[in-house]
Structures are given as C-alpha cells and as structure tokens.
Amino acid sequence: MNEVRPVNVIEIYTDGACKGNPGPGGWGALLKSNDAQKELYGGELGTTNNRMEMLAVIEALAALKRPCQVALHVDSQYVLKGMTQWLPGWKARGWKTAAKAPVKNVDLWQRLDALVNGGGHQIEWHWVRGHNGHAGNERADQLANQGVEMVLKHR
C-alpha cells in the first residue's frame, strides 16, 4: 500500500535589487511553512534587476526538498508575466519573442521553467506591490539588499 504523504504548504516571498541597472545586484527570498521560516539571499556584481528578481524565485524553489503546494509572491511583473503568459509562446518559437528576437535572460528562464514544471510543485503566482508595507515582501527586499551588500564587501 502506498503511503500518502501530506503536501507541504509553503509561502514564498521573493525580491531582487540592483544598484545601477546593470550593476551590483542582490536577491532575497523568505520561505514560510507553518511556524518555520527560512531566509535566503545572494548576489552578483554585474547584473540587472530582472535577473535578480528571477534568481530569487529560482533559489527559493531550488531550496524545496520535496513537492510542495506553493503560494509564490513576487513584486516583479516581468517574472509574473513571463511565467504565466509569455513562456508557452517563447518555448513554441524556440526561445524567441513574438518579434523573433532572442528571449533575454534565456538561461534563467530555462532554469525557472525546469523548476516550476519539473519540480512536482503546485504553484499559485501572486503579485504584490513592492515597497507597500507588505511584511513578506518587505523582508524579501531587505534580504535582496543584504545580497547586494555581501557582493560589494567581497569584490
């Protein structure tokens, strides 16, 4: 008899930050499940805000050890629309936009696509207005800025 394991329900808040665009950037993620929470952050020296927004989601999903029911909160329309609207068309056109140009950040879109569609997760995408007092988003923003500070200290 197969054991039915309860689905882990997790809330994830992500954000990216960039000092100059391009410039040094950071990403942050807050993962919450029941009473437990985990904070992640990192960064890169020469990057863009969009790449940091995407990397925050990638690193958060990569941290999940088993399939979960995820409420994913982002303040990036680029990430939200990319995953919920644009991705199927890009893939159908061989990672080209409707204007037949190469998709920007294709390396990260492919990683994110693999995590979202191959990780066994049930993901609900939620947009939150950034810098609007939402506690989870504000913490993700602080973590993203810690990521920027970290890379600036170690260059």
Side-chain angles (χ1 to χ4, degrees), residues 9-33 37-64 67-152 155:
V9 178
I10 188 161
E11 278 194 84
I12 298 176
Y13 298 87
T14 64
D15 201 9
C18 213
K19 307 303 177 195
N21 200 15
W27 58 267
L30 172 64
L31 292 76
K32 297 170 76 170
S33 180
Q37 77 176 37
K38 183 175 191 170
E39 295 181 340
L40 306 169
Y41 64 91
E44 297 176 358
L45 276 175
T47 191
T48 65
N49 192 60
N50 282 342
R51 287 186 69 82
M52 293 296 95
E53 293 281 359
M54 293 175 72
L55 209 48
V57 177
I58 288 167
E59 294 294 344
L61 292 174
L64 301 177
C68 295
Q69 185 174 330
V70 179
L72 187 49
H73 304 269
V74 298
D75 65 6
S76 167
Q77 287 285 340
Y78 177 69
V79 172
L80 181 70
K81 287 182 177 174
M83 290 308 298
T84 61
Q85 296 175 24
W86 305 332
L87 189 68
W90 289 341
K91 289 169 70 174
R93 290 186 294 270
W95 295 99
K96 301 269 192 245
T97 65
K100 297 185 176 45
V103 171
K104 288 182 180 160
N105 303 311
V106 69
D107 59 325
L108 296 183
W109 284 118
Q110 288 172 340
R111 282 174 63 191
L112 187 50
D113 179 40
L115 284 164
V116 168
N117 295 310
H121 307 299
Q122 298 169 355
I123 300 175
E124 288 180 19
W125 294 86
H126 302 276
W127 182 76
V128 293
R129 184 175 301 281
H131 311 287
N132 206 36
H134 189 286
N137 179 256
E138 294 293 337
R139 184 61 190 145
D141 180 64
Q142 292 168 351
L143 292 166
N145 282 296
Q146 275 184 250
V148 176
E149 291 170 23
M150 180 188 73
V151 295
L152 289 175
R155 65 175 168 169

Where do Glu59 and Leu40 come nearest, in terms of heavy atoms and distance?
O-CD1, 3.8 Å
I want to check something: taking the side chain as every heavy atom from C-beta on, are Glu124 and Val70 in contact at a cut-off of under 4.5 Å?
no
Would you say the side chain of Ile10 lies within less than 4.5 Å of the side chain of Leu64, judging by non-hydrogen atoms?
yes
Please assess Asn137 against Asn132 for the test side chain to side chain contact (heavy atoms under 4.5 Å, CB included), listing each intermediate value before the final yes or no.
CA-CA 8 Å; Asn137 179 256; Asn132 206 36; over 6 Å; no
Does some side-chain heavy atom of Val74 sit less than 4.5 Å from a side-chain heavy atom of Val128?
no
Heavy-atom distance under 4.5 Å between the side chains of Gln110 and Leu108, does that happen here?
no
Partners meeting ring pair (Phe, Tyr, Trp, His ring centres under 6.0 Å) with Trp127 (sequence neighbours left out)
none
Mind listing the closest non-hydrogen atom pair of Ala60 and Ala29 along with its distance?
CB-CB, 3.8 Å
Pro22 and side chain to side chain contact (heavy atoms under 4.5 Å, CB included): which single residue from Leu45, Thr48, Asn49 fits?
Thr48
Rounded to the nearest 0.5 Å, the NZ atom of Lys38 sits from the CG atom of Leu30 at a distance of 12.0 Å
Is Ser33 reaching over with its side chain to a backbone N or O of Val9, donor-acceptor style, under 3.5 angstrom?
yes
What are the two closest non-hydrogen atoms of Tyr41 and Leu143, and how far apart are they?
CB-O, 3.3 Å
The reported gap from CZ in Arg139 to CD in Gln142 (rounded to nearest 0.5 angstrom) is 5.0 Å
Going from SG on Cys68 to CD1 on Ile12, what distance comes out if it is rounded to the nearest 0.5 angstrom?
7.5 Å
Can you confirm whether Asn145 sits close enough to Lys19 that some side-chain heavy atom of one is under 4.5 Å from a side-chain heavy atom of the other?
yes
Quick check: does any side chain N or O of Asp15 sit under 3.5 Å from a backbone N or O of Ala144, one acting as donor and the other as acceptor?
no
Main-chain N/O of Gly23 paired with Glu44 side-chain donor or acceptor, under 3.5 Å
no
Taking ring pair (Phe, Tyr, Trp, His ring centres under 6.0 Å) as the test, write out the residues that go with Tyr13, two or more places apart.
His73, His134
Pairwise side-chain contact, Gln77 with Leu80, heavy-atom cut-off 4.5 Å (strictly under)
yes
Using side-chain heavy atoms (C-beta onward) and a distance below 4.5 Å, is Arg93 in contact with Lys100?
no
Can Arg129 and Asp75 be counted as an ion pair, charged N to O under 4.0 angstrom?
no
Any side-chain donor near an acceptor of the partner, Tyr78 and Asn105, under 3.5 Å:
yes
Please examine the side chains of Thr14 and Trp27, heavy atoms only from C-beta on, and report whether any two atoms are closer than 4.5 Å.
no
Just do the side chain to side chain contact (heavy atoms under 4.5 Å, CB included) check on Asp113 and Lys91 with the steps written out, would you?
CA-CA 10 Å; Asp113 179 40; Lys91 289 169 70 174; 3.0 Å; yes
If you round to the nearest 0.5 Å, how far is CH2 of Trp90 from CD of Gln85?
10.0 Å
Out of curiosity, Leu72 CG to Glu11 CD, how far, rounded to the nearest 0.5 Å?
10.5 Å
Quick one: pull up CG in Asn21 and CZ in Arg51 and give me the separation to the nearest 0.5 Å.
12.0 Å
Kindly give the heavy-atom pair with the smallest separation between Val79 and Leu112, and that separation in Å.
CG1-CD2, 4.5 Å
Closest non-hydrogen atom pair between Cys18 and Thr47, with its separation
SG-O, 3.5 Å
Note: Ala63 and Leu31 closest approach over all heavy atoms is CB-CD2, 4.3 Å
